[in-house]
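FYI, side chains are in, hydrogens and waters are out, and symmetry mates aren't considered; it's all heavy atoms of this structure. Both counts, for ligands and for their atoms, begin at 1 and track the order of listing.
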Amino acid sequence: MNLHEYQGKLLFAEYNLPVSKGKVIFDAKDAIDACDEIGGDKWVVKAQVHAGGRGKSGGVQLIDNPEQAIEFAQKWLGNRLITYQTDAVGQIVNSILIEECTDIDQELYLSAVIDRDTQKIVFIGSCEGGVNIEEVAKNAPEKIIYQGVTYGDKSLPEDATNIAKVLKLDEKQTDQFLPIIENLLRLFIEKDLSLLEINPLVINEKGDLHCLDAKINIDSNALYRQPELQDMYDESQ
Ligand code: ADP
Ligand code: MG
């Protein structure tokens with residue numbers, strides 16, 4: 001079962017991962033209040049569908065005026081968004097995430113999946129984020145690390161440092177990265193995930209790590225023991 005980005009980010013926040021202040025709306029009339037509540041003078045409006053590639057298809061937009069959030073909501077709510085990850089009819093947009101705008105210095109890639117061969121959770125990381133990771137795998141495989149990890153294992157700090165090196169993190173960011181890996185791992189195990197992807201994980205203008213996107217897949221066979229996640233199911237997708 002897939003989650004929407006805004007649902008994934010609620011889980012991220014629960015696990016102390018660095019996410020943006022944001023608010024989901026289901027009706028264009030709530031756009032101004034949402035921008036006011038978030039504060040600041042720049043926001044990003046993001047159509048919520050179970051597909052990536054929204055940025056390149058007009059489903060993610062930077063705005064500097066709450067009126068533009070209304071326009072964006074009126075344009076997308078009830079309509080279909082087509083991206084390279086959807087089929088030709090696209091996915092219906094029923095909600096929009098409005099969040100504060102992060103000034104991005106660099107976009108990185110981080111994900112986790114289960115590797116059944118080694119019976120481990122494997123983190124996949126790259127310094128080339130924000131783009132189609134399949135392209136990086138094809139054209140620059142040396143820029144991707146696959147690091148198997150075990151929760152509670154003594155080697156976890158070392159494993160995290162290996163990933164941090166490929167992500168080209170500095171010392172401060174590497175210190176921030178270890179608890180990120182630990183918390184993601186705990187989230188992955190406790191919530192029975194089958195896939196987790198943060199693309200992009202960014203370094204913001206202050207030099208701090210921040211999760212700008214969230215893709216979460218829950219193992220459907222384990223849903224019976226995750227009632228609060230079951231409630232997040234969106235039949236429309
Ligand atoms: P998708 O993967 O569906 O295209 P993302 O959430 O990755 O959607 O957003 C696409 C791009 O938009 C990101 O790579 C990033 O450059 C930019 N972006 C997304 N959210 C924000 C934000 N809160 N602040 C600034 N830029 C953002
Ligand atoms: Mg993305």
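In this structure the side chain of I181 never reaches within 4.5 angstrom of the side chain of D159, judged on heavy atoms. Counting only heavy atoms from C-beta outward, the side chains of V149 and F188 never approach each other to under 4.5 Å. In this structure, the side chains of F12 and L187 come closer than 4.5 Å at one or more pairs of heavy atoms.
The aromatic rings of H50 and H4 sit tilted relative to each other, their planes meeting at an angle between 30° and 60°.
Residues with a heavy atom under 4.0 Å from ligand 1: V44, K46, G52, G53, R54, G55, V60, E99, E100, C101, T102, I104, E107, N199, P200, L212, D213.
For the residue pair Y109/E197, the side-chain donor-acceptor check at 3.5 Å is satisfied.
Closer than 2.8 Å to the Mg ion (ligand 2) sit the protein N, O or S atoms N199 O, D213 OD2.
Residues passing the side chain to side chain donor-acceptor pair (under 3.5 Å) test with E228, sequence neighbours excluded: K191. Every residue two or more places apart in sequence or in another chain was checked for a salt bridge (charged side-chain N to carboxylate O under 4.0 Å, His left out) with E71, and none qualifies.
A salt bridge between K23 and D30 is absent, with no side-chain N of the basic residue lying under 4.0 Å from a carboxylate O of the acidic one.
No donor-acceptor pair closer than 3.5 Å links the side chain of D105 to the backbone N or O of I203.
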